[in-house]
Amino acid sequence: MSAKYEHKEHHKDDHKSLIQWYKKNKRSLPWRASKDPYKIWLSEVMLQQTTVVAVIPYFEKFLEKFPTVQDLAKAPEQDVLEAWAGLGYYSRARNLHKAAKALAENGFPETAAELLELPGFGPYTSRAVSSIAFGEKVGVLDGNVIRVLSRKYGLKTEWWNNKARAELQTISDQLAAFGQSDSLNQGLMELGATVCTPQKVMCVLCPWSQDCVARDKNLIEKLPLKKPRKQSEVWVWKPLVAIKDNKVALIQNDYAPFLKGQWIFPGEIAMEKSKPKDYDVKHNITHHDIFIQITQKKSLAGRNIQWVNLKELKKVNPSSLLQKVLQKVFQKVSQ
DNA sequence: AATGCGGGGTC
DNA sequence: GACCCAGCATT
């Protein structure tokens, strides 16, 4: 054990104060009303890169459509994607569906190690489901937990590096090992989401504020360390948009550096030094800043073209990029 | 180890 | 409008 953790030994009741705080202050959220592993899992996957506010309506609707893991397993993938449309990161939905097929058959394994074998279950989701639904004494490590632990114990951990990240995982595991790992893990995340936030930190509400290294040493703004970022690139995309009989012409993307292999409008794309003066729509995919200049066509020919009904578009490609472009096209028409 | 995947929030 | 955010799969 490194010297860094010895600090922690001085505060052996950290887990108790956090759990007590969580039980008193937790928000009432739809997925907290149940111990059903399916619902816990669904919420964790939806919450992976999305905010609580955005997730709630999707979560409710999704469960109306697919009330059990068996319902999800037997649904066509396109229906699952449609229910996910707007949430982003659509491979999450595809993997959710794949895993549902295995889970519907055999039921949920109750340990993180077993869950980890399933598609879409990484270290975080496996531990979240096993601890929250089944009480396994394993700690979670997500962005919230990284922030809380880095500050509380004053750790300058380069958490994006796997080896360094393992140190934080160890601390989280140690806290969970005391018991009530469900409340402990959710407490860590709740604290990070509501009190120990990236900005406007509310230490006055924190159960750990009396013994927080970052607070003592005025390091709140410095921790956690920031991951170095890849510089963003400016791309100008000139899609050809042809609409006929409520159908739109798409090709399988072999020319743009984003959404590879997915059905998008045909057209041209180029990387530029700076953003163009005129554009119709702007979209962002990771480090691609995409400036879109739309060309409307009366017709389009080519053997690779697929004409997709506008009502079915979200099933073929749920990305909001296409929705944004079409919205602009209809806006132009009505002007 | 590095890259791709999207949408939303903040200032 | 510029900048920030992060879990999982793939390569």
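The chains referred to below are lettered A, B, ... by the order of the sequence lines, with proteins before strands, and numbering in each begins at 1. This structure is a prediction, so every number in the text was calculated from the model and none was measured.
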Task: Between dC8(C) (P) and Met46(A) (CE): distance, integer Å - done: 16 Å
Open item on the list: Does Tyr89(A) contact dA9(C) through a side-chain donor or acceptor facing the base, at a distance under 3.5 Å?
Closed with: no
Task: Integer-rounded Å distance: dG1(C) P and Lys282(A) NZ - done: 9 Å
Open item on the list: Nearest heavy atom decides the nucleotide; on that basis, is His283(A) or Asn161(A) closer to the 5' end of DNA chain B?
Closed with: Asn161(A)
Task: Spacing of the P atoms in dC11(B) and dA6(C) (rounded, Å) - done: 15 Å
Task: Rounded C1' spacing from dC8(C) to dG9(B) in Å - done: 22 Å
Open item on the list: As a test of understanding, state which of Ile292(A), Val281(A), Leu326(A) forms a side chain to side chain contact (heavy atoms under 4.5 Å, CB included) with Leu321(A).
Closed with: Ile292(A)
TODO: Please determine, by modelled atom types, if Thr68(A) and Asp71(A) share a side-chain donor-acceptor pair under 3.5 angstrom.
DONE: yes
TODO: May I ask you to check whether Gln169(A) and Ser172(A) show a side-chain donor-acceptor distance below 3.5 Å?
DONE: no
Open item on the list: Please report the distance, rounded to the nearest Å, between CD in Gln199(A) and P in dC3(C).
Closed with: 15 Å
Task: Interatomic distance at C1', dC5(C) relative to dG4(B), whole Å - done: 16 Å
TODO: For DNA chain B, note the earliest and the latest nucleotide, 5' to 3', having some atom under 4.0 Å of a heavy atom belonging to chain A.
DONE: dG4(B) to dC11(B)
Task: Toward the 5' end of DNA chain C, by each residue's nearest nucleotide, Trp159(A) or Gly120(A) - done: Trp159(A)
- [ ] Identify the two heavy atoms, one from Pro266(A) and one from Leu250(A), that lie closest to each other, and give their separation to 0.1 Å.
- [x] CD-CA, 4.4 Å
Task: Reference residue Phe62(A); test side chain to side chain contact (heavy atoms under 4.5 Å, CB included); the match among Val55(A), Leu87(A), Leu42(A) - done: Leu42(A)
Task: Atom-pair distance (CH2 on Trp160(A); C1' on dC4(C)), nearest Å - done: 14 Å
- [ ] List in numerical order all residues of residues 90-112 of chain A for which some heavy atom is under 4.0 Å away from an atom belonging to DNA chain C.
- [x] Asn95(A)
TODO: Please check if the distance between the ring centroids of Phe59(A) and Trp31(A) is under 6.0 Å.
DONE: yes
- [ ] Would you mind classifying the nucleic acid contact of Leu259(A) as base, sugar-phosphate or nothing, using non-hydrogen atoms under 4.0 angstrom?
- [x] sugar-phosphate
Open item on the list: Once you apply a heavy-atom cut-off of 4.0 Å, does Gln262(A) come out as touching a base, just sugar-phosphate, or nothing?
Closed with: sugar-phosphate
Open item on the list: Check this for me, if you would: do Asp79(A) and Lys315(A) make a salt bridge, where the nitrogen-to-carboxylate-oxygen distance has to be below 4.0 angstrom?
Closed with: yes
Open item on the list: With nearest nucleotide decided by heavy atoms, which residue, Lys163(A) or Thr50(A), maps closer to the 5′ end of DNA chain B?
Closed with: Lys163(A)
TODO: Quickly work out the Trp41(A) CH2 to dC8(C) P distance and round it to whole Å.
DONE: 13 Å
- [ ] Round to the nearest Å and state the distance from Leu115(A) atom CG to dC8(C) atom P.
- [x] 12 Å
Open item on the list: Categorize Pro198(A) for me: base, sugar-phosphate, or nothing, with a 4.0 angstrom heavy-atom threshold over every strand shown.
Closed with: nothing
Task: Nearest-angstrom distance, P atom, dT11(C) to dG6(B) - done: 15 Å
TODO: Please report the C-alpha distance between Phe291(A) and Trp237(A) in whole Å, then the side-chain angles of each, then the deciding distance to 0.1 Å, and finally whether the ring pair (Phe, Tyr, Trp, His ring centres under 6.0 Å) criterion is met.
DONE: CA-CA 6 Å; Phe291(A) 296 89; Trp237(A) 182 36; over 10 Å; no
- [ ] Measure from CG on Asp289(A) to C1' on dC3(C) and round the result to the nearest Å.
- [x] 10 Å
Open item on the list: Could you go through Glu44(A) and Tyr124(A), starting from their C-alpha distance and side-chain angles, then the distance that decides it, and tell me whether this counts as side chain to side chain donor-acceptor pair (under 3.5 Å)?
Closed with: CA-CA 9 Å; Glu44(A) 291 301 339; Tyr124(A) 169 76; 2.5 Å; yes
Open item on the list: Could you walk me through whether Phe121(A) and Trp41(A) satisfy the ring pair (Phe, Tyr, Trp, His ring centres under 6.0 Å) test, starting with their C-alpha distance in whole Å, then the side-chain angles of each, then the deciding distance to 0.1 Å, before giving a yes or no?
Closed with: CA-CA 9 Å; Phe121(A) 280 82; Trp41(A) 169 43; 5.3 Å; yes
Open item on the list: I need the CZ-C1' distance between Arg147(A) and dC5(C), as an integer number of Å.
Closed with: 10 Å
Task: Contact under 4.0 Å: Arg165(A) side-chain N or O vs dG7(C) OP1/OP2 - done: yes
